[in-house]
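Take a look at the structure set out below.
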Amino acid sequence: LMEDEESSPDTFARYQDALDGANLAERAVELDSGNGLAHYVAAYLVGLAAENNPYEGLALVPRMEGLALQAAQLAPGLDNGGADRMLGELYLRAPEFPMSVGDTFLAVEHYRRALALAPAYTENRLGFARALHADGETRSACRVYQGLIDSGADLTPFADWSQDMEALDQECLAP
């Protein structure tokens, strides 16, 4: 990661810390290949490294995807369907083929799996609505989003998703 207007010493430190942590977690995966938690933590840390280094982010995606797929298989219920939620977000945010693995259909499928594992978990429900919306399933997305609002779920922790929520507000809650 080179210093420029978009990076900072803090960003580089976060990238390096995440990469170091991912390497340690992947060592745990090597020592116990059936450990879903180790796969999940490694996938999370690889993703964190990718977020903090746009120059290498795309190159880290296959590594994250493989670890998260293993975690979803080995420990599906961990962190309220966390591995499937992570995959849903990855497929939702990554550029599409041929550049990367982005695929709104896969995002919907993984969020659906996370939701089946933890149906009341707000992040699963909101992610599922966002994935449905991105996949062009606006009516279904609106039903899920309206259910979140009707349930009184606190959406303030998801301020970083404000653009997606604004789009759902405009399409789903407009008179």
Ion pair E51/R93, N-O distance below 4.0 Å:
yes
Please check this pair: side chain of N23 against backbone of L19, looking for a donor-acceptor N/O pair closer than 3.5 Å.
yes
Just by distance, with hydrogens left out, do Y40 and Q70 show a side-chain donor and acceptor under 3.5 Å apart?
no
Is R143 reaching over with its side chain to a backbone N or O of T138, donor-acceptor style, under 3.5 angstrom?
no
Check: F105 main-chain N/O paired with D103 side-chain donor or acceptor under 3.5 Å
yes
Under a 4.5 Å cut-off applied to non-hydrogen side-chain atoms, are D84 and Y111 in contact?
no
Do L168 and I149 sit in the same hydrophobic cluster, where Ile, Leu, Val, Met, Phe, Trp and Tyr count as joined when their side-chain heavy atoms come under 4.5 Å apart?
yes
Please report the C-alpha distance between Y15 and E56 in whole Å, then the side-chain angles of each, then the deciding distance to 0.1 Å, and finally whether the side-chain contact (heavy atoms from CB on, under 4.5 Å) criterion is met.
CA-CA 10 Å; Y15 162 72; E56 292 189 26; 3.0 Å; yes
R85 side chain reached by Y121 side chain, heavy atoms, under 4.5 Å:
yes
Distance-minimising heavy-atom pair for R63 and A22
NH2-CB, 4.1 Å
Candidate pair F128 and V108, rule side-chain contact (heavy atoms from CB on, under 4.5 Å), full reasoning:
CA-CA 6 Å; F128 185 51; V108 168; 3.9 Å; yes
M64 and G47: which non-hydrogen atoms are nearest, and at how many Å?
SD-CA, 3.6 Å
Closer than 3.5 angstrom, by distance alone: can the side chain of D135 be matched with the main-chain N or O of E137 as a donor-acceptor pair?
no
Are the side chains of N35 and L74 in contact, using a 4.5 Å heavy-atom criterion?
no
Minimum heavy-atom separation for G36 and A71, please, with both atom names.
O-CB, 3.8 Å
A129 and A141: which non-hydrogen atoms are nearest, and at how many Å?
O-CB, 3.3 Å
Hphob cluster co-occupancy, L90 + L48, side-chain heavy atoms under 4.5 angstrom:
yes
Are P119 and N124 close enough that some pair of their side-chain heavy atoms sits under 4.5 Å apart?
no
Are any of the side-chain heavy atoms of R14 and D10 separated by less than 4.5 Å?
yes
Side-chain donor or acceptor of S151 paired with backbone N/O of L148 under 3.5 Å:
yes
Nearest 0.5 angstrom please: H133 NE2 to C172 SG, how far?
6.5 Å
A side-chain contact here means heavy atoms from C-beta on lying under 4.5 Å apart; do V144 and L132 qualify?
yes
Closest non-hydrogen atoms of A68 and A83, given as atom of the first, atom of the second and distance, are O-CB, 3.7 Å
Please find the pair of heavy atoms, one from G81 and one from A114, that lie closest to each other, and give the distance.
O-CB, 3.6 Å
Any side-chain donor near an acceptor of the partner, E171 and Y145, under 3.5 Å:
no
Check the pair L117, N80 against side-chain contact (heavy atoms from CB on, under 4.5 Å), reporting the backbone distance first and the verdict last.
CA-CA 7 Å; L117 293 163; N80 297 295; over 6 Å; no
Quick one, V41 with L37, criterion side-chain contact (heavy atoms from CB on, under 4.5 Å). Give me CA distance, side-chain angles, the key distance, then yes/no.
CA-CA 6 Å; V41 170; L37 177 60; 3.9 Å; yes
Side-chain donor-acceptor pair present, Q73, H39, cut-off under 3.5 Å:
no
dist T122:OG1 -> D154:CG (nearest 0.5 Å) comes out at 8.0 Å
Taking side chain as C-beta onward, heavy atoms only, is L126 less than 4.5 Å from E123?
no
Nearest-0.5 Å distance, CD of residue E65 to CG of residue L69:
5.0 Å
Taking the side chain as C-beta and beyond, is there a heavy-atom pair between M86 and H110 under 4.5 Å?
no
How many angstroms lie between CG in L60 and OH in Y55, if you round to the nearest 0.5 Å?
15.0 Å
